[in-house]
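Reading through the structure tokens given below for one structure.
Both ligands and their constituent atoms are indexed starting at 1 by order of listing.
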Amino acid sequence: MLRAWLPAQRWFAGKGRDIRTLRLISAAELLPPGSSPGLLHLLLDVDGDCYQLLLGLRTGLPPALAPALIGRAEQGPYAGHAVYEALGDPRLAALLLERLRAPGTLGPLRFDRDPLTLIPAGLQPRPLSGEQTNSSLIFGDAYILKVFRRVGPGVNPDLELPRALAAAGCARVPAPVAWYEAALPGGEPLTLGVLQPYLRGSDDGWQLALRRLGSGADFTAEAHALGRATAEVHSALASALPVLALGPEQTARLAAGMTARLAATVREVPALRPYEAGLRQAFDALAAARGLTVSAQRIHGDLHLGQTLRTADGSWALIDFEGEPARPLADRRRPEPAVRDIAGILRSFDYAARSHRPFAPAWADACRAAFCSGYAATTGRDPREDPVLLRAYETDKAVYEARYESRHRPDWLHVPMAAIRRLAAPAPPHPHPHPRPQPPRRPHP
Ligand SMILES: Nc1ncnc2c1ncn2[C@@H]1O[C@H](COP(=O)(O)OP(=O)(O)O)[C@@H](O)[C@H]1O
Ligand SMILES: O=P(O)(O)O[C@H]1O[C@H](CO)[C@@H](O[C@H]2O[C@H](CO)[C@@H](O)[C@H](O)[C@H]2O)[C@H](O)[C@H]1O
């Protein structure tokens, strides 16, 4: 039953392949055995990846829950029961919130919360629609619970970083109010879900940018403010968590990692092949750069306009600190240059401009410049002052995007490919990041 259902889920990483091995890691009943409906929490090993499932069990399924049906239990105490996606059932979703309100353990599961926040009882749940990496439920328009789907040992950065930011007094990120984990023998706990305030009435940065483009409106004031917000989050993360100064050898290792990622992506996305040598130049330049001061710190890790919310009061918030979903958790928790996030947003302006007909390059350029100025206004350093670093990270991001689009949205592949063509062309000389004012030319005699 699960073998057929899992590959059809957006959050399932092994899409397009037949499941070879499926093994139960843990099972916990969140309601007393025999309850109807029943609620079962499962961790499953599917071909080496661990997934979290919340299954509802009922003898008969009401019509409203028909879309949530997975199949019928064939054996065990629930034999013959309908098995369905519990997050689609308001009764069971409400129960999950009750568990989060009352800290404690249940089998391998541990529920925890911020002792200073009182989460009200009885908030009505509704699932968040749309395509997500995980599954989210909104409770009474006051809180949002993200249920992680592919999980692994170690704290998820989407819990770790927002908590660290909240403790550092940074209000740009909704602070987790409750969370739950699984403690399995012989390993670090796995983060399974995080509840945080729901920013009601906020606008998704990507949708907002597209609307502005569609009406020919300027977005530079927002881009500037977003640069400031990103810089504030980076500064708070740098003050709360370790920062490492990278020497030339470590910077060269970063460049080598980018080159290796490029080579692997070229094997997967043949359209990149003609540009490989050109793209590599950006990484070679980073490896060869001397006198570059690079520091590494905890960052967002997958920043793009879709991870930003413009709140009802007009300020920017950042969400989804999970990092790139396909990367191993240990990699995603490693300190990295903050320019990686900056490159992500700069690429996003290009994505937005290219989704618009006709392509609006001037709009993207203006937003990119405004974002960098906003960033500089807060940190005192403009990312454009490190063109070699910025180019390498933008190139790395465009390569990542080419792989992401070829895997998940082939119709979008042309967007990163346009950037790939631009980035593969020889870099313009960068004696100074900003053109210095030239003395007036003498009139020709
Ligand atoms: N705190 C929040 N307030 C309002 N909306 C949110 C909040 N967190 C997430 N969302 C909405 O939920 C969507 C999915 O959240 P996200 O963290 O990106 O999940 P996923 O990891 O599943 O992609 C976001 O695009 C945003 O629209
Ligand atoms: O939000 P996720 O963590 O799931 O991020 C993944 O999916 C994103 C697309 O939804 C993808 O972002 C790319 O497309 C965006 C437009 O849809 C664009 O704004 C981004 O700049 C571009 O990178 C992201 O790369 C991927 O990790």
Please state which protein non-hydrogen atom is closest to [atom] and give its distance, to 0.1 Å?
atom: atom 25 (O) of ligand 2; answer: Tyr400 CE2, 3.3 Å
atom: atom 4 (O) of ligand 2; answer: Thr133 OG1, 2.9 Å
atom: atom 7 (O) of ligand 2; answer: Tyr404 OH, 2.9 Å
atom: atom 23 (O) of ligand 2; answer: Glu401 OE2, 2.7 Å

Between [X] and ligand 1, which part of the residue brings a heavy atom under 4.0 Å of the ligand: side chain, backbone, both or neither?
X: Ile319; value: side chain
X: Ser135; value: neither
X: Gln196; value: side chain
X: Leu128; value: side chain
X: Ile144; value: side chain

At less than 4.0 angstrom from any non-hydrogen atom of [X], what atoms of ligand 1 do you find?
X: Gln307; value: 18 (O)
X: Pro174; value: 1 (N)
X: Leu309; value: 2 (C), 3 (N), 4 (C), 5 (N), 6 (C), 7 (C)
X: Glu322; value: 21 (O)
X: Lys146; value: 16 (P), 17 (O), 19 (O), 20 (P), 21 (O)
X: Pro197; value: 1 (N), 2 (C)

Practice problem: Give yes if a backbone or side-chain nitrogen or oxygen of Tyr351 is under 3.5 Å from a nitrogen or oxygen of ligand 2, and no if not. | Solution: no
Quiz item: Going by distance only, is there an N or O of Arg10 that falls short of 3.5 Å from an N or O of ligand 2?
Solution: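 So ligand 2 has no N or O lying under 3.5 Å from an N or O of Arg10.
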So, do [X] and [Y] sit near enough that their side-chain heavy atoms are less than 4.5 Å apart?
X: Leu262; Y: Asp396; value: no
X: Leu53; Y: Leu6; value: yes
X: Leu137; Y: Arg126; value: no
X: Arg421; Y: Tyr275; value: yes

Measure from [atom] to every heavy atom in [options] and give the option owning the shortest one.
atom: atom 13 (C) of ligand 2; options: His304, Arg409, Arg347; answer: Arg409
atom: atom 2 (P) of ligand 2; options: Leu305, Leu303, Asp302; answer: Asp302
atom: atom 21 (O) of ligand 2; options: Ser348, Ala398, Ala419; answer: Ser348

Under 3.5 Å, side-chain donor or acceptor atoms of residues 342-349 against the rest of the protein: list the pairs with distances, not counting sequence neighbours.
| from | atom 1 | to | atom 2 | distance (Å) |
| --- | --- | --- | --- | --- |
| Arg347 | NE | Glu401 | OE1 | 2.8 |
| Arg347 | NH1 | Asp350 | OD2 | 2.8 |
| Arg347 | NH2 | Glu401 | OE1 | 2.9 |
| Ser348 | OG | Leu305 | N | 2.9 |

Quiz item: Is the centre of the Tyr375 ring less than 6.0 Å from the centre of the His234 ring?
Solution: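 Aromatic pair counts; centres sit under 6.0 Å.
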Self-check item: Lys NZ or Arg CZ of Arg354 over Phe359 ring: under 6.0 Å, within 45°
Solution: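 Relative to the ring axis of Phe359, which defines the angle, Arg354 lies inside both limits.
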Practice problem: For Asp320, counting its heavy atoms only, list the atoms of ligand 2 lying under 4.0 Å from any of them. | Solution: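 Counting atoms of ligand 2 from 1, those under 4.0 Å from Asp320 are 3 (O).
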Quiz item: Does the pair Arg149/Asp49 count as a salt bridge with the N-to-O cut at 4.0 Å?
Solution: no
Practice problem: Using a strict cut-off of less than 4.0 Å between a Lys/Arg side-chain nitrogen and an Asp/Glu carboxylate oxygen, indicate whether Glu336 and Arg298 qualify as a salt bridge. | Solution: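 Salt bridge flag = no for Arg298 with Glu336.
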Examine distances only and state if a side-chain atom of [X] and a backbone atom of [Y] form a donor-acceptor pair shorter than 3.5 Å.
X: Arg332; Y: Gly323; value: no
X: Ser215; Y: Arg211; value: yes
X: Arg310; Y: Ala317; value: no
X: Asp45; Y: Ile25; value: no

Quiz prompt | Sub-4.0 Å heavy-atom contact, Glu324 with ligand 2 | solution = no
Quiz item: For ligand 2, does His408 get within less than 4.0 Å through its side chain, its backbone, both, or neither, judged by non-hydrogen atoms?
Solution: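 No part of His408 comes within reach of ligand 2.
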Quiz item: For ligand 2, which part of Glu322 has a heavy atom less than 4.0 Å away: the side chain, the backbone, both, or neither?
Solution: neither
[X] N/O to ligand 1 N/O under 3.5 Å:
X: Asp320; value: yes
X: Ser136; value: no
X: Tyr198; value: no

Self-check item: Test side chain to side chain contact (heavy atoms under 4.5 Å, CB included) applied to Met258 and Asp284, Thr395, Leu279, Leu286, the passing residue
Solution: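 That would be Leu286; it is the only one of Asp284, Thr395, Leu279, Leu286 passing the side chain to side chain contact (heavy atoms under 4.5 Å, CB included) with Met258.
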Quiz item: What distance separates Ser202 OG from Ile319 CD1, expressed to the nearest 0.5 Å?
Solution: 8.0 Å
Exercise. Decide ring-ring contact (aromatic ring centres under 6.0 Å, His included) for Tyr198 and Tyr143; before the verdict, give the C-alpha distance in whole Å, the side-chain angles of both, and the deciding distance to 0.1 Å.
Key: CA-CA 4 Å; Tyr198 180 67; Tyr143 292 98; 9.7 Å; no
